[in-house]
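Input: a single structure, listed below in structure tokens.
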Amino acid sequence: TRMPRVLVVQLARFEFRAVMRKVDDDIAVEKTVNITSDGSKRFELRGVVHHYGQHGDCGHYVCDVLRRSPSRPVGAPSTWFRISDAIVRPTTEVDVLRPSKTSYLLFYDVV
């Protein structure tokens with residue numbers, strides 16, 4: 001069985017009971033994830049999609065993405081960016097990994 005190169009995790013942020021409500025618990029995003037018992041398949045965070053709003057049928061989506069240069073020396077820091085519509089600004093890994101009530105989709109690449 002081959003492992004995927006990309007792992008996408010959707011967090012269950014919405015409850016559907018009599019009415020739909022957003023689950024706004026703080027979630028700590030992990031920088032790396034191991035999905036095998038021996039730790040041989042490791043995935044590293046590359047992006048986080050955030051949902052801002054109280055309901056699933058409306059709101060605003062913002063994305064944090066990691067930009068890695070192909071010529072980047074080993075161990076050199078990568079640059080994180082926050083994208084909101086046409087606005088792109090730098091952010092920090094510390095901010096990306098901070099527990100959040102808005103994290104909705106997590107994107108990981110195999111390392």
Side-chain angles (χ1 to χ4, degrees):
T1 302
R2 290 179 40 184
M3 297 297 265
R5 294 203 43 80
V6 176
L7 175 67
V8 180
V9 178
Q10 178 183 359
L11 302 173
R13 284 294 192 184
F14 302 99
E15 284 183 337
F16 299 92
R17 294 192 181 173
V19 294
M20 181 177 54
R21 79 169 193 91
K22 185 169 182 183
V23 178
D24 61 357
D25 297 337
D26 275 330
I27 302 290
V29 174
E30 298 291 330
K31 182 177 178 178
T32 58
V33 175
N34 293 315
I35 62 169
T36 56
S37 58
D38 65 357
S40 62
K41 276 296 183 185
R42 220 168 42 111
F43 289 82
E44 193 168 286
L45 186 68
R46 296 292 186 257
V48 180
V49 174
H50 299 270
H51 176 266
Y52 292 92
Q54 293 302 311
H55 306 285
D57 58 352
C58 63
H60 182 68
Y61 292 90
V62 173
C63 187
D64 293 328
V65 294
L66 181 65
R67 180 181 182 270
R68 289 196 155 196
S69 168
S71 60
R72 180 179 74 92
V74 174
S78 298
T79 305
W80 282 94
F81 290 93
R82 175 156 283 195
I83 302 168
S84 177
D85 294 331
I87 300 168
V88 179
R89 66 174 178 81
T91 188
T92 66
E93 184 174 270
V94 170
D95 284 338
V96 172
L97 298 178
R98 182 173 286 125
S100 169
K101 296 178 183 311
T102 61
S103 302
Y104 181 54
L105 294 171
L106 311 177
F107 295 86
Y108 291 87
D109 277 347
V110 71
V111 290

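Positions are given from 1 along the sequence.
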Nearest heavy-atom neighbours spanning [X] and [Y]:
| X | Y | result |
| --- | --- | --- |
| Y108 | E30 | OH-O, 2.8 Å |
| V48 | S103 | CG1-OG, 4.0 Å |
| R13 | T102 | NH2-N, 3.9 Å |

[Y] reachable from [X] in the ILVMFWY side-chain graph, under 4.5 Å edges:
| X | Y | answer |
| --- | --- | --- |
| V29 | L7 | yes |
| W80 | I27 | yes |
| V62 | L105 | no |
| L66 | V88 | no |
| L11 | V23 | no |

Measuring from [X]:[atom1] to [Y]:[atom2], what's the distance to the nearest 0.5 Å?
| X | Y | atom1 | atom2 | result |
| --- | --- | --- | --- | --- |
| F14 | D24 | CZ | CG | 10.5 Å |
| D64 | E93 | CG | CD | 11.5 Å |
| L45 | F107 | CG | CZ | 10.5 Å |
| D25 | S100 | CG | OG | 11.5 Å |

>> Assess the residue pair T91 and V96 against the criterion (side-chain contact (heavy atoms from CB on, under 4.5 Å)); give the C-alpha distance rounded to whole Å, side-chain angles, the decisive distance to 0.1 Å, and a yes or no.
In response: CA-CA 8 Å; T91 188; V96 172; 4.0 Å; yes
> Hey, is the main chain of H51 close enough, under 3.5 Å, to the side chain of K22 for a donor-acceptor pair?
Replying inline: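 Checking the backbone N and O of H51 against the side chain of K22, a donor-acceptor pair under 3.5 Å is found.
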> Does T92 offer a backbone N or O that forms a donor-acceptor pair with the side chain of R82 under 3.5 Å?
Replying inline: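 Not a single qualifying donor-acceptor pair exists.
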> When you look at D109 and E44, which way does the side-chain contact (heavy atoms from CB on, under 4.5 Å) test go after all the steps?
Replying inline: CA-CA 5 Å; D109 277 347; E44 193 168 286; 5.8 Å; no
>> Please determine whether the number of non-hydrogen atoms from other residues, nucleotides or ligands lying under 6.0 Å from atom NZ of K31 exceeds 12.
In response: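 No, NZ of K31 has 12 or fewer neighbouring heavy atoms, counting only those of other groups under 6.0 Å.
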> Just by distance, with hydrogens left out, do Y104 and Q10 show a side-chain donor and acceptor under 3.5 Å apart?
Replying inline: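 Yes, because at least one side-chain N or O of Y104 sits under 3.5 Å from a partner of the opposite role on Q10.
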